[in-house]
Each structure stands twice: as C-alpha cells, then as structure tokens.
Amino acid sequence: MTETPFPQDPEAPRPPAYTPGSGKPRLNRPVHERYPQIRPTSGYGDPRIRHTGPGPGAGTEQEPERSSKLSARLTLALTVVIGQLWGLTVVVDEWMSGDTGTAWWGAGFLVLSFLVVLGLWLVDPKDR
C-alpha cells in the first residue's frame, strides 16, 4: 500500500519571506554608516596604532609575596575540599552499612574541615 502525502491546502497562508533587518530604519544602514570609526584598514593599517602590544613588564607579578600567600591558601583550601569529599564518601558508606557511630565521627570531621577553611578565610581579611 502506497502512502500519499496529505493534500496541500491552497488557501493556507504562506510565511513571509525572510528579509534580514530591523524594524528600526536607523539600524538598517550599511555598517560603514553605523560605525564610521571602523575603517577597512582598522587594526593593521591604522596610523593611530603605534605599538603592537602591552609595554615592557606586562604580565609580570607586581606583588610576589601576596601571590605566594594566595597560592598557599588556595592549595590548603583545595586539599581540605578534597578531604571533605573523601570524608563525605566514607560517612555515607558507613551510614548506609548501618555503622552510625563511625558516621557521626565522620560528620564531625567534615564540620572540623569546614571550620579550617573558614579560619583560612578569616586569617587575612584585606586580601578579599
């Protein structure tokens, strides 16, 4: 049995043809009229550009002591977070196996880990 497609309704309205643009005529102007500051040579042939990048010393650390302190704190905080994830895995495993005493000790470890991270955060408030 061959299927025939549904007959097309000749009276059905057709969707309007797509024409790019905006309902606001001022936005339909050519790009060079909308943005006169952009020239075809902007970037490589623009006489206003005198240097190709940031000046000497860009990207070097301006405060190495602060950077090392923040890196050390970040390393400690990430270590504690990894420990908390491990501890949470152990606590849930012990809780599910019915050993609630160990699970409560593990929950205490998680609370202590959180307090360590909070203490690290409170050590130096001017770095925030």
Side-chain angles (χ1 to χ4, degrees):
M1 184 161 132
T2 313
E3 290 185 24
T4 58
F6 292 109
Q8 295 292 331
D9 184 11
E11 301 298 320
R14 297 179 140 238
Y18 174 74
T19 55
S22 173
K24 300 176 184 173
R26 66 181 180 84
L27 296 176
N28 291 328
R29 296 177 295 157
V31 174
H32 66 275
E33 289 180 17
R34 282 184 284 161
Y35 304 102
Q37 69 274 20
I38 298 177
R39 299 186 185 113
T41 59
S42 284
Y44 63 91
D46 196 335
R48 295 174 293 175
I49 297 176
R50 304 225 189 271
H51 303 289
T52 58
T60 60
E61 185 56 54
Q62 303 299 321
E63 297 180 59
E65 295 84 14
R66 182 174 182 264
S67 175
S68 63
K69 186 170 36 172
L70 290 176
S71 296
R73 263 207 260 153
L74 180 65
T75 302
L76 284 172
L78 288 175
T79 304
V80 170
V81 167
I82 290 170
Q84 285 178 328
L85 291 173
W86 170 78
L88 184 61
T89 304
V90 170
V91 166
V92 169
D93 187 40
E94 292 298 320
W95 184 270
M96 295 304 246
S97 64
D99 191 3
T100 56
T102 306
W104 282 113
W105 279 107
F109 168 77
L110 293 175
V111 169
L112 182 65
S113 296
F114 175 75
L115 292 175
V116 167
V117 172
L118 189 63
L120 288 172
W121 183 69
L122 292 172
V123 167
D124 199 4
K126 70 180 170 115
D127 268 345
R128 281 183 231 128

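Positions are given from 1, in the same order as the sequence printed here.
- The line from CD1 of Ile82 to OG of Ser113 is 12.0 Å long, rounded to the nearest 0.5 Å.
- Judged as a side-chain contact (heavy atoms from CB on, under 4.5 Å), and not counting sequence neighbours, the contacts of Leu88 are Val92, Leu110.
- In this structure, Leu74 shares a hydrophobic cluster with Leu78, the cluster being traced through Ile, Leu, Val, Met, Phe, Trp and Tyr side chains under 4.5 angstrom apart.
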Under 3.5 Å, which donor-acceptor pairs link side chains of residues 98-109 to any protein atom two or more places apart or in another chain?
| unit_1 | atom_1 | unit_2 | atom_2 | d |
| --- | --- | --- | --- | --- |
| Asp99 | OD1 | Thr102 | OG1 | 3.4 |
| Asp99 | OD2 | Thr102 | OG1 | 2.7 |

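- Legend: side chain to side chain donor-acceptor pair (under 3.5 Å) pairs involving residues 80-98, not counting sequence neighbours: none detected.
- Cluster membership for Leu112 and Leu118, using ILVMFWY side-chain heavy atoms within less than 4.5 angstrom, is not shared.
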